[in-house]
Structure formats: structure tokens, C-alpha cells
Amino acid sequence: MKIKKIAKPKTKPQGVLGFGKYFTDHMVVMEYDNGKWEDPQIMPYAPLSLDPSTCVFHYAQGIFEGLKAYKAEDGSVRLFRPRDNFRRMNDSASRVCIPSFDENKIYDALIELIKLDVDWIPSEQGTSLYIRPSIIAIDNTLGVHPSHKYLFFIIMCPVGAYYASGFGAIKLFVEEQYIRAAKGGTGGHKVIGNYAASLKAASNATARGYAQVMWLDAKEHKYIEEVGSMNIFFVFGNELITPALSGSILPGITRLSVIELAKSKGWKVTERPISIDEVVKGVSSGKCSEIFGTGTAAVISPVGAFLYNGKEHIVGDSKTGKVASSFFDELTGIQTGKITDKFGWSIKI
Ligand code: COI
């Protein structure tokens, strides 16, 4: 693989990392042209030079992924379920007519990239190296049709907590007017346009003091789908309920990991449609004791309250609950090698 190293490494950030603010020294790039993907290359992290007519700017033919690398206590570096991300990325590619890529080739390129920028992986509690693979359509044309050229790139950034409030409980705004995705649309894939479509509702929610939007289904505005950047779980006694993947919900890798982890611990896990009315009733009667979100960026994010139909509903005692807390510890323990990984999710590189 062709590797071009940076002349002078950048200064690494100090203090609170936040999410997605600092980028490492190198990136992977791989182009698709003349009907095939070229070999991946590693280059210094730098701006891309693209013509204003580049397709992705106009018609959003683009996809992305998010995964993380962790510095373990023994000094080793671990990736969490990386192949699942590349598999899902090829599924997203197919949904928006992007040609599929060789998952092994790009995986190998990622490993080289991590080795090169290994000093960027933070080791403090709650930190990791967030990895963002993306593919964009780069034909220079305004015709609405699949592009003939694509650019695959992987960039990486050291991160801490996704939410400004850290890993504490967040408040959600249940969106009753706008929708995220409808059946048959692109909601079940990591397609860039999904995120643009979510911004209006998300901005309204943050302006009112809520961290993110809880989306309802597009048809009846009744069933819970997912939250801004996470899937969502409800704790009812010894049962964990999460909305069933309906085609308009992103099949989260952290979601799947929590389902598998919970089942292995004896939880009853149910994937089914769950209405906002059922959750409101459950929370007010105390039957629903906790709500938490799951995502690569968000990890396990407890929900302390949500606003629905003009009323704020407090979940439990509005703080991080013990179920969310134990899944957080267990998952991050596996990710960082502190807890034995009997699932084979944590890949030492
Ligand atoms: C992730 O969790 O990796 C995501 O892609 C969510 C995001 C849009 C920050």
C-alpha cells in the first residue's frame, strides 16, 4: 500500500476532547473510477479539492460509518466489531447505488492507518479514537443519476463523551411534527441525507434545552423509532424492550451488542413496536424504570426525562440508572480489554 507520511506531526489536543473536533495526522483514501475501486492509500490528513459541481454536494449520494479504537490497560490497541461496520457500510452503499468495496482491503488499510497514528489514541477513562469511514460521489455533473466516480476516505479523531453533559443522563424531545424516516426510505442505512433531514427538529430541541430528538414513526406518529444519534432501550422490570428494526431504524452495532450482552445475562429482550403512550404510562406508573440510548459515539447514554405533548416526563429519579450503568461498564470493559470478551467482539491489533 502506498503510504505518504506527514512532514511534521500536528500537536495533540490537551484537556477535554469532546467529539469530532481534532483529527489525526493521516487518512486513508481510495478512489473508484473506470468501474473499479483502486487500491487504498494513506496520505497526510488534508482538505479535499472538489469541483463545485461534485455530485455529493447536490444530491447527497454519500454514506458513512462510525467505529472506535481503544487503548487497553496493557497498552494494546483494540477495535470493536470493525467488520460489522464495513459490512453495514456495503449495505448502505447498495441502498444509494454506490459500488460495493472489498471489506478486507479497507480493513487492512484501516489497521495500517491506526498503526501510523497510534499516538493519537487517548488512554484516559471514557476516551477513544473515533474512526469515520465515508464514501462520496465525485462525478462533476448536475445530472441526477448514480455517479461513475467515488472517493472512499477514513479519518480519525480522539474523542471523549459525545454529549456536552458528559456521560450523565440527558433529556429528549419527542418530535411530533417532523419525521426522520419512512418505510421504504433510507432510515435503515447510514446515508448522509438522513442527518441533514434531522437537523431542523434537532435544533428546535436543543433551543428548548433538550439534548436530542426522540423520533416517532412516520405514518402514525405513535411508535418510537430511534433517537438523534442512538438506538433506544426501555427497562420494564426484568425485560429490555427496544423498537424492532422496521426498515426505518438504523441497525446499530451497539444496539446489537447490548441485545446479545443482555440475553447472555438472563434478561428478557424484546424487539417490538413500542408506542410513546406505553412509555409515558410505564414511566408514570414506575413500571418503566429506565431509558437509555446506545450508539458508537454515544456509547450507553441514560435518559433522565423526555418532553412529549407539552409535558416533561421524568424517568426514574432522572439520574443514570443502575441498568444503564452496568451495561456501560460491561460494554466499555469489553471494548478496553478490562473485561474478558467471550463474544469475540474486541479485536486486538
Ligand atoms: C455513531 O455513533 O458513530 C454515529 O454515526 C452517530 C453520529 C452521527 C455521531
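Values below: all heavy atoms of this structure, side chains included; hydrogens, waters and symmetry mates excluded.
No side-chain heavy atom of Leu113 sits under 4.5 Å from any side-chain heavy atom of Lys115.
Residues satisfying the side-chain hydrogen bond (donor to acceptor under 3.5 Å, both in side chains) criterion with Arg83, sequence neighbours excluded, are Asn104. Legend: residues meeting side-chain hydrogen bond (donor to acceptor under 3.5 Å, both in side chains) with Ser326, ordered by chain and number and at least two apart, are absent. For Glu176, there are no side-chain hydrogen bond (donor to acceptor under 3.5 Å, both in side chains) partners at least two apart in sequence or on another chain. Partners of Lys319 according to the side-chain contact (heavy atoms from CB on, under 4.5 Å) rule, which considers only residues two or more places apart in sequence or in another chain, are Asp317. Applying the side-chain contact (heavy atoms from CB on, under 4.5 Å) criterion to Asp51, with sequence neighbours excluded, gives Ser53, Thr54, Asn140. Residues satisfying the side-chain hydrogen bond (donor to acceptor under 3.5 Å, both in side chains) test with Lys149, not counting sequence neighbours, are none.
Classification of the His148-His145 ring pair by plane angle, with boundaries at 30° and 60°, yields tilted. A parallel orientation is assigned to the rings of His313 and Phe306, their planes being inclined by less than 30° (bins at 30° and 60°). By the 30° and 60° cut-offs, the orientation of the rings of Tyr162 relative to Phe19 is perpendicular.
Atoms CD and CD1, from Glu175 and Ile276 in turn, are 12.0 Å apart once rounded to the nearest 0.5 Å.
Within the cation-pi definition used here (under 6.0 Å to the ring centroid, within 45° of the axis), Lys105 does not qualify as a partner of Trp37. In this structure, Lys171 forms a cation-pi arrangement with Tyr210, its terminal cationic atom sitting closer than 6.0 Å to the ring centre and no more than 45° off the ring axis. Relative to the six-membered ring of Tyr45, Lys10 meets both conditions, a distance below 6.0 Å and an angle of at most 45° to the axis.
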